[in-house]
Amino acid sequence: MIDLRSDTVTRPTQEMREVMAKAEVGDDVWGDDPTVKQLEALAAEQTGMEAAIFAASGTQTNLIALMCHCQRGDEYLVGQTAHTYKYEGGGAAVLGSIQPQPINNEADGSISLENILASIKPDDIHFAKSRLLCLENTTGGKILPLDYIEAATNLASDHGLLNHLDGARVYNAAVKLGIDVKEIVKYFDSVSICLSKGLGAPVGSVLCGSKDLIEEAHRWRKMLGGGMRQAGIIAAAGIYVLENNVQRLEEDHENAAMLGQELTNIPQLEVDLEYLHTNMVFLKSSEGDFTALSKHLEQKNILIDARYTARLVCHLDISREDIQTTIAAIKEFYA
Ligand SMILES: *Cc1c(COP(=O)(O)O)cnc(C)c1O
């Protein structure tokens, strides 16, 4: 099976499974799991933050961060298409009593400084308290420019807001830019990172931030039902991927670039090459939706995400050969 639906579909390798099987464990709710602690220390070190906390998913680490930064009746500024707003079941509002202030995303994935400024509320009893700016990087595979991040987070700070980064795929951005991930994360008060996307761990995310923030995060994680016991079994895979699978994200970016480039030769397809920064290829078709293409590919054991637009995502389990097979199958369909 060539599964291009998402980079969440990777399976743990034999080596990773061995590391997991041998992991030293304890009850992490009691603070006794040495492997979880090791992962948290490694994540904090790599991101240049004081501390980190391991959790079950990126949805959970984002929600924990929002609940740490915002009180009941506060609001966070966030992109309309951002994961924390659109794809997390409204958790901030439902579970955190935090009001989202969604703002249109520009074509490059950013939220304009003008719109950020216009959305920050003055201190007035009519308004929710603007408390936090939440950015996402990468977003739809796009990398936010560093100078934009600096300007947006400075603008927020100047108005008394905190900054959170949904960095589910922030390592993709760092590797593509050829910089240390610290250079992206340093503008934020907290960052959530998925270990289970392109990095290839089976489960888990980390939230990194100040010592105080992470201490409070422990309380919210427990309340959300996210206190896990011998979690070192899965944390071991997290350590493994942070140590071994970061630089190889390059291969995914190269595969995606090649896939996107080749598909531009098909007249019925429109490929967004300008924003093909990392591991995701988005397609538009003059023939409308992608149901027929998706069915055709499925018969050839190739899966794509055709729910909204067509999205093809490169990852650890997709080889150069798989890309060539996919290109041939798509060309055949349109021929
Ligand atoms: C996947 C993802 C998340 C959440 O991750 P889960 O582990 O699936 O809950 C958050 N933000 C972005 C941008 C993501 O792609």
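What's counted below: heavy atoms across the whole structure, side chains too, no hydrogens, waters or symmetry copies. Indexing begins at 1, ligand by ligand and atom by atom, following the structure's order.
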field: Selected option - heavy-atom contact closest to atom 9 (O) of ligand 1, from Thr59, Thr8, Thr138
entry: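 Answer by nearest heavy atom: Thr59.
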- request: Measure the CG-NE2 distance between Leu207 and His218 for me, rounded to the nearest 0.5 Å.
  value: 10.0 Å
- line: atom 11 (N) of ligand 1 has as its nearest protein heavy atom Asp166 OD2, 2.6 Å
task: Between Thr84 and ligand 1, find which residue part has any heavy-atom pair under 4.0 Å and reply side chain, backbone, both or neither.
output: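 Neither part.
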Residues, nucleotides or ligands: over 12 heavy atoms within 6.0 Å of Lys182 NZ: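 Yes.
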- request: Provide, to 0.1 Å, the distance between atom 14 (C) of ligand 1 and the closest protein heavy atom, together with that atom's residue and name.
  value: Lys197 NZ, 2.8 Å
field: Protein heavy atom at shortest distance from atom 6 (P) of ligand 1
entry: Gly58 N, 3.4 Å
message: Do Val175 and Gln247 have side chains that approach each other closer than 4.5 Å (heavy atoms only, starting at C-beta)?
response: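 With C-beta onward as the side chain, the pair touches.
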message: As an exercise, identify every atom of ligand 1 less than 4.0 angstrom from a heavy atom of Cys194.
response: 5 (O)
query: Hey, which atoms in ligand 1 end up nearer than 4.0 Å to a heavy atom of Glu88?
result: 10 (C)
field: Interatomic spacing from CG in Leu162 to SG in Cys134 - rounded to 0.5 Å
entry: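 The CG atom of Leu162 sits 12.0 Å away from the SG atom of Cys134.
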- prompt: N/O to N/O below 3.5 Å, does that happen between Glu136 and ligand 1?
  reply: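 No, there is no polar N/O contact under 3.5 Å.
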query: Distance from His69 atom NE2 to Leu132 atom CG, nearest 0.5 Å?
result: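 Spacing of NE2 (His69) from CG (Leu132) equals 5.5 Å.
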task: Please answer whether the main-chain N or O of Leu195 pairs with a side-chain N or O of Lys197 as donor and acceptor at a distance below 3.5 Å.
output: no
field: Subset of ligand 1 atoms that lie under 4.0 Å from at least one heavy atom of Arg169
entry: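 In order of number, 15 (O).
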- prompt: Can you find a heavy atom in the side chain of Leu42 that is under 4.5 Å from one in the side chain of Gln38?
  reply: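 Contact flag for Leu42/Gln38 side chains = no.
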- prompt: What part of Ser57, side chain from CB on, backbone N/CA/C/O, both or neither, has a heavy atom under 4.0 Å from ligand 1?
  reply: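 Within the 4.0 Å criterion, Ser57 contacts ligand 1 through backbone and side-chain atoms alike.
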